[in-house]
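Quantities reported herein were computed from a predicted structural model and do not represent experimental measurements. Numbers here simply count residues along the sequence, with the first being 1.
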Amino acid sequence: MHYAFTKILILSLFISSCLAKVDPPNYNFSLDALKVFNPGSELKDIQAKYGKGELIEDGGDLKTYKFYVAQIRYKFPVYVQLFKGKSLDFFARLPNYFSHDLFHQSIINRLGKQDKFFKIEANALYRWSNKNGNNYAYSGTCTITCFPLYFSTAIAKPPAEASGYNPMINKLSGIQAK
């Protein structure tokens with residue numbers, strides 16, 4: 001009798017755990033949420049979707065804003081550099097509880113396999129050069145699990161009159177424009 005009860009209890013626990021809803025680590029995040037920041041997008045369209053934003057740097061025609069992409073389970077900053085009100089590039093600092101595998105695969109599904117890959121210890125950098133007129137960079141790292149660090153998109157050929165333009169990924173890395 002005791003043995004049959006134990007079997008039923010274990011079976012019911014197994015069945016109930018199989019029916020439990022499990023959310024993937026990226027919580028239905030899509031790269032489409034970042035589409036409005038892509039090079040060529042207008043400030044008014046970004047602000048219509050993500051609010052006024054915070055002006056971080058004002059260089060006349062060249063301005064940098066910080067916006068937040070938020071949902072119930074995540075919130076992360078996106079830095080956008082604009083020239084005359086149009087996006088030249090953006091840098092998104094991604095939540096570290098997102099899954100690297102899911103995020104990297106979603107980029108590959110959109111852009112194809114990366115052109116360059118660099119790995120130093122547990123950190124990896126993936127680059128897509130001049131895809132659809134843009135340069136893309138994605139970085140992830142691993143500790144106990146693997147997670148994304150950032151995703152960046154920059155115009156491949158900035159306007160000649162945008163003197164002093166340095167992509168956000170370079171600015172945040174301390175790299176000077178050529």
- Please step through side chain to side chain contact (heavy atoms under 4.5 Å, CB included) for the pair Tyr79 and Phe90, ending with a clear verdict. CA-CA 5 Å; Tyr79 299 88; Phe90 75 86; over 6 Å; no
- Any salt bridge (charged side-chain N to carboxylate O under 4.0 Å, His left out) involving residues 86-112? Give me the pairs, sequence neighbours left out, ordered by first then second residue. Asp32-Arg110
- Message: Please find the pair of heavy atoms, one from Ser99 and one from Pro148, that lie closest to each other, and give the distance.
- Response: C-CD, 4.0 Å
- Test log, rule side chain to side chain contact (heavy atoms under 4.5 Å, CB included), inputs Leu125 and Arg127: CA-CA 7 Å; Leu125 174 64; Arg127 304 281 310 216; 4.1 Å; yes
- Taking the inter-plane angle between the rings of Tyr138 and His100 on a 0 to 90° scale, is it parallel (under 30°), tilted (30 to 60°) or perpendicular (over 60°)? parallel
- Take Lys171 and Thr64, measure what side chain to side chain contact (heavy atoms under 4.5 Å, CB included) needs, and give me the verdict at the end. CA-CA 11 Å; Lys171 282 180 158 183; Thr64 303; 3.9 Å; yes
- Task: Assess whether side chain to side chain contact (heavy atoms under 4.5 Å, CB included) is satisfied between Leu34 and Val78, documenting all intermediate values.
- Result: CA-CA 9 Å; Leu34 300 174; Val78 178; 4.0 Å; yes
- Would you indicate whether the side-chain heavy atoms of Phe67 and Glu54 approach each other to under 4.5 Å? no
- Message: Under a 3.5 Å distance rule, please check whether Thr153 uses its side chain to pair with a backbone N or O of Asn38 as donor and acceptor.
- Response: no
- Task: Please report the closest heavy-atom contact between Ser139 and Ala124, naming both atoms and the distance.
- Result: OG-O, 3.0 Å
- Message: Can a donor-acceptor pair be found, under 3.5 Å and without considering hydrogens, that links the side chain of Ser41 to the backbone of Val36?
- Response: yes
- Does Lys75 make a cation-pi contact with Tyr68 (under 6.0 Å, within 45 degrees of the axis)? yes
- Query: With distance as the sole criterion, is a donor-acceptor pair present between the side chains of Asn123 and Thr141 under 3.5 Å?
  - Reply: yes
- Query: Quick one: are the ring centres of Phe147 and Phe103 less than 6.0 Å apart?
  - Reply: no
- Task: Please report the closest heavy-atom contact between Pro39 and Leu88, naming both atoms and the distance.
- Result: CG-O, 3.3 Å
- Kindly write out the residues that satisfy side-chain contact (heavy atoms from CB on, under 4.5 Å) with Ile144, not counting sequence neighbours, or none if the list is empty. none
- Message: Could you walk me through whether Tyr126 and Tyr136 satisfy the ring-ring contact (aromatic ring centres under 6.0 Å, His included) test, starting with their C-alpha distance in whole Å, then the side-chain angles of each, then the deciding distance to 0.1 Å, before giving a yes or no?
- Response: CA-CA 8 Å; Tyr126 306 85; Tyr136 300 86; over 10 Å; no
Side-chain atoms of residues 112-122: list all donor-acceptor pairs with protein atoms under 3.5 Å, sequence neighbours left out, distances to 0.1 Å.
from	atom 1	to	atom 2	distance (Å)
Gln114	OE1	His104	NE2	3.2
Asp115	OD2	Ser129	N	2.5
Lys119	NZ	Glu121	O	3.2

- At their closest point, which heavy atom of Phe83 faces which heavy atom of Pro159, and how far apart are they? CD2-CG, 4.1 Å
- Would you check if the distance from the ring center of Tyr50 to the ring center of Phe37 is below 6.0 Å? yes
- Query: Under 6.0 Å from the NZ atom of Lys49, do we count more than 12 heavy atoms belonging to anything else shown?
  - Reply: yes
- Compare every heavy atom of Ala156 with every heavy atom of Asn135, then report the nearest pair and how far apart it is. ND2-CA, 3.7 Å
- Which distance, rounded to the nearest 0.5 Å, do you find between the OG of Ser152 and the CG of Leu94? 10.5 Å
